[in-house]
Structures are given as C-alpha cells and as structure tokens.
Amino acid sequence: NVNTATSQTVTLSSTGTSAVTVSAASVAGAGFSVSGASFPLTLNPNQTATLTVQFDPTTAGAATGQLTLTSNAASGTSTLVSLSGTGVPVLSGLTCTGGSMSGAGTDSCTVTLNTAAASGFVVSLASNSSAVAVPASVTVAAGATSAAFTATVSSVSTAQSVTLSASANSVTQTFGLQLNTGTPTLSGLTCTSGSMSGAGTDSCTVTLNTAAASGFVVSLASNSSAVAVPASVTVAAGATSAAFTATVSSVSTAQSVTLTASANSVTQTFSLELGAGVPTLSINATSIAFGDVFVGAPATQSLTLSSTGSAPVTVSAASVSGTGFSVSGATFPLTLNPAQTASLSVEFNPTSALLGLVTGSLTITSNSSSGSSNVITLTGTGQSASGSYQVNLTWDAPTTSSDPVAGYNVYRAPSGGTSYQQINTSAISLTSYTDTTAQPGQTYDYIVESLDASGVASAPSNMATATIP
C-alpha cells in the first residue's frame, strides 16, 4: 500500500573457517532502505546477523532496487540482492452529495484514493439496504485519484439510515445516508422575537423537513388572547417554509404565551414572553408665552401630546387656571396608542389691559409612567387696542401654477416662532391684506398660502418680517 511501509529480513552467515568482515550495506531504488546492523560488522565462523530491508512506496506502480553487501568473503567482495515491489493505491474516502433524501431520487457519490492509480483500480461497492442500489464496483482510471458512481434511492414508508460501503485491498470506507419518507413533516416553529413589551407584531416561520409537492397547510394557535395568529398558514409547493405574523396586544402583567403549529399529528411550539407595557406621555413644551395680546383679539398656540411608551397612555383631563386662558381641541378621557399624537389649542384672550402680566397654568392629568400630572406654565400681557398699529401686506400671484387660485390665507407668528396663526377670517381674493392687530414693541413673521377652488392650500410663501415700534 502506498505510504505504508513493509519489511523483510536478510540473514548474513559466516560459513568459512575464519571470521568474515562485512564493511558496508548500501541500498539503491526509490522507497527501499536497510537497517539492523552497524558496519563494519565481523562474523566469526558459524555466526549470523539479520538485516531488515524496508519498502515504503510513495507512488503507485512497480519499483526495483538493489542491496549491495561489501565484505572480505572468499566468494567475492560484493554480494548483490535484487529488490522489487509494487506500490498499490489505498482507498481513502467514500462521499455522496446528499446526506439525507426524501422520496425517490439519485445521489452522486465518489470513491477517493490516496494517490493516483498506475492502472485501472477496482473498488467494490455495497449497500446494506435494498432501498439504495449501487453498482457492484467502480474503477478508478489510470492516473486518477477518484471515480464517481450513482446511488439510486427508492421511496421508503418509514425513515431509515442506510450505510454504503466501498472496499479495496482489505481497506473499507463507509458513508451514512438518511432516508426520509416522501411526505413532508412539520419540523419547526420560530419567531424573530422571543420577548416583547407592549403592543406590536412578531414575524414567525413554520418549517418542513422537505419541500412540499403541493400546498401544505399548517394549523396555528395561541393560548392567549394577547397574541393573535392566523388560523393556518400554507407552505407553497416546492418550498420548505412559510411566514406569518403574530399580533401582540399590550398586557398589564408579564406572561408567557405558547404559539402552536400542527400538521398531520405533528406539533411544534414557540414560547413568547410578554412584558407589561409602559404608558408614557411626552409634551412638546413646559411653558407657553403669549407676549402682548390686544384685548378682544385672542391669540392661540398649539401643544402636542405624544404617546412615547410601549403601552397606550390615557389623558384623563386638561385643566386651565389663570384669567383669559383656555384650552380646546380634544375630548377627555383621551387614549393615545404608542407613537400616536394629539394637539391641544391653548388660547389667551385678555379681558383688560389693566391686569398687566397674567400668569396661569395648564395641568395635564394622565396615567403616564413619567408622572400623573404635567404642568405647563402660561403667561401673557393684555394690551389696549387703542393706539394699535397696522401692517400692510402685499404679494404676487403665482404665475406657474396650472391650478387656478381661488383665494389666499395670511398667517402670522411671533418672530422666530413656529406656531403660525391664520389672521384673516375668510379667504382673501386680492393680493393684499392689512393686519390691524399688530401690537407695539413686537416683531412678526408673515407667510401666505394660496387656495384652489376645493380649498386645498399651496406650500407657504417666503416669509416677511415686520417690526412694530
């Protein structure tokens, strides 16, 4: 066998009437070597010594060599021993493309040698099951290190493991092939998230052990009303999996939910841990300053409520204190789902300029985890309408719009602010407007939007700023 050493012995005998001296032993030929004695070696009459000659081929094929013994023997100073041997490849592997198969089909297999064959090398083949047929043998061609053959697989009614065998020169290699029934079997149920807090969705997948020949229906169920799943999901023909969505509702206490997938008496489960959702209310301002407002010309600013937790937050009330302040825009109790928002309108309508600076507060009451009450400070100063200023605004009508303009709306905000308020009571047909509610000492930003016949507004115009002395 190639790369496997084998040895034989050579006996040297002193058959003369005086001692004989062997001065050297040398070997020629690839793969041959000698050992067992040190030279020079002296043998007295009738004395013997044993040499070990080894052949360790590295390639396949015939090899020859020679052992030369040099001595002072009367029969001649050199004794030649011819050496020969043939390197034989060793069967080193048996592999197949598929480690498992479902239903009938074929599997591509290969036998491998540890070195190229010098001539055709025959490998015997066998299968321990009638469900898998293989040729009686396969021949590795000269100069090659492997040869392929086909294993023919028949359908089985029950799953089984089959062993294929390849043998040559007392060396055997095996390969295990798992045979499954032709009918797909439900093999798994998984979801992307193993735990969730608050409402949301989870992506889940059912898996088969082999592709379905036609639509394969898998029944689905959940043991909790907090997680809803479809009644079933169908694995398409030729596929091994199908996805579905589990819809999770918020829960007030943590719980473990079991999802179940069933098909043909086989059941797979997945455990989903639900954490209690946390209601959280966020408000976009902690104070609102109205500045100077004319008596009889109320000013309004907006306040945004946002649900930023993992469970719905309920705003039970919004109450206002302070002369001239009021709130509108929502009916309470108001429930906001996660990521949902609502806007409140806060108005300051001063009743008298004699009151000076007026302070108040807006209290938002909710079940928020950040606190049951949020207080927004309100301030404003009433101004007498006498001695008021006016701002004359003009603008150009759009020239590139294909939608005819039916009117305009004018908006005003304290300079640098983002809360623009419409100051005209009805659509303006002209391209000019006079703001008669301007207050002394204030700076205002103005924008205009055009309206079409359906009342749809355009994008805002450029901003114009007016400073009141």
Side-chain angles (χ1 to χ4, degrees), residues 1-95 109-126 135-149 164-175:
N1 290 336
V2 170
N3 295 327
T4 303
T6 186
S7 300
Q8 294 195 39
T9 59
V10 174
T11 303
L12 311 182
S13 301
S14 176
T15 56
T17 57
S18 65
V20 63
T21 298
V22 182
S23 56
S26 60
V27 172
F32 297 104
S33 62
V34 65
S35 62
S38 298
F39 299 96
L41 170 67
T42 299
L43 300 176
N44 292 317
N46 298 319
Q47 190 177 2
T48 63
T50 300
L51 301 181
T52 299
V53 182
Q54 179 178 281
F55 179 43
D56 187 4
T58 58
T59 60
T64 59
Q66 181 175 273
L67 168 62
T68 301
L69 300 172
T70 304
S71 70
N72 63 345
S75 57
T77 58
S78 292
T79 303
L80 305 179
V81 179
S82 297
L83 308 176
S84 64
T86 301
V88 179
V90 177
L91 180 65
S92 59
L94 168 60
T95 58
C109 303
T110 303
V111 292
T112 307
L113 308 182
N114 70 337
T115 189
S119 59
F121 188 89
V122 179
V123 179
S124 299
L125 303 173
S137 65
V138 62
T139 300
V140 181
T145 58
S146 64
F149 66 92
L164 305 184
S165 301
S167 303
N169 297 336
S170 301
V171 176
T172 299
Q173 299 289 342
T174 62
F175 182 83

Task: Sole candidate of Leu125, Thr174, Leu94 that passes side chain to side chain contact (heavy atoms under 4.5 Å, CB included) when paired with Leu164 - done: Leu94
Task: Nearest-0.5 Å distance, OG of residue Ser26 to CG of residue Leu67 - done: 7.0 Å
Task: Non-neighbouring partners of Ser23 that pass side chain to side chain donor-acceptor pair (under 3.5 Å), sequence neighbours left out - done: none
- [ ] Please step through side-chain contact (heavy atoms from CB on, under 4.5 Å) for the pair Val10 and Thr50, ending with a clear verdict.
- [x] CA-CA 6 Å; Val10 174; Thr50 300; over 6 Å; no
TODO: Drop me the distance from Thr145's OG1 to Phe121's CZ, to the nearest 0.5 angstrom.
DONE: 12.0 Å
TODO: State, to 0.1 Å, how close Ala49 and Leu41 come at their nearest heavy-atom pair, and which atoms those are.
DONE: CB-CD2, 3.7 Å
- [ ] Quick one: pull up OG1 in Thr70 and CG in Leu80 and give me the separation to the nearest 0.5 Å.
- [x] 9.0 Å
Task: Nearest non-hydrogen partners of Ala63 and Phe32, listed with the distance - done: O-CZ, 3.9 Å
Open item on the list: So, taking the atom named CG in Asn3 and the one named OG1 in Thr59, what distance separates them when rounded to the nearest 0.5 Å?
Closed with: 9.0 Å
- [ ] Could you list the residues that satisfy side chain to side chain donor-acceptor pair (under 3.5 Å) with Thr172, not counting sequence neighbours?
- [x] Ser167
- [ ] Report yes or no: do Thr42 and Thr21 form a side-chain donor-acceptor pair below 3.5 Å?
- [x] yes
Task: Derivation of the side-chain contact (heavy atoms from CB on, under 4.5 Å) call for Leu43 and Thr48 - done: CA-CA 7 Å; Leu43 300 176; Thr48 63; 5.9 Å; no
Open item on the list: So, using side chain to side chain contact (heavy atoms under 4.5 Å, CB included) as the criterion, who are the partners of Thr115 when residues are at least two apart?
Closed with: Val2, Ala60, Pro89
TODO: Write down the atom of Ala141, the atom of Ala117, and the distance for their closest heavy-atom approach.
DONE: O-CB, 4.0 Å
- [ ] Only counting residues at least two apart or in another chain, list the ones meeting side chain to side chain contact (heavy atoms under 4.5 Å, CB included) with Ala5.
- [x] Gln54, Asp56
TODO: Drop me the distance from Leu51's CG to Ser7's OG, to the nearest 0.5 angstrom.
DONE: 12.0 Å
Open item on the list: Please enumerate all residues that pass side chain to side chain donor-acceptor pair (under 3.5 Å) together with Gln8, with sequence neighbours excluded.
Closed with: none
Open item on the list: Would the distance check show the side chain of Ser92 and the main-chain N or O of Thr112 forming a donor-acceptor pair, the cut-off being under 3.5 Å?
Closed with: yes
Open item on the list: I need the minimum non-hydrogen distance between Leu91 and Ala166, along with the two atoms involved.
Closed with: CD2-O, 3.1 Å
TODO: Step by step, work out the side-chain contact (heavy atoms from CB on, under 4.5 Å) result for Phe149 and Val111.
DONE: CA-CA 8 Å; Phe149 66 92; Val111 292; 3.9 Å; yes
- [ ] Go through the structure and list residues passing side chain to side chain donor-acceptor pair (under 3.5 Å) with Thr4, not counting sequence neighbours.
- [x] none
TODO: Please assess Thr52 against Ser35 for the test side-chain contact (heavy atoms from CB on, under 4.5 Å), listing each intermediate value before the final yes or no.
DONE: CA-CA 5 Å; Thr52 299; Ser35 62; 3.8 Å; yes
Task: Shortest non-hydrogen contact between Gly76 and Ser71, atoms and distance - done: O-OG, 3.9 Å
TODO: To the nearest 0.5 Å, tell me how far Gln47 CD sits from Leu12 CG.
DONE: 11.0 Å
- [ ] Over all heavy atoms of both residues, which pair between Ala144 and Leu113 is shortest? Give the atoms and the distance, please.
- [x] O-CD1, 4.4 Å
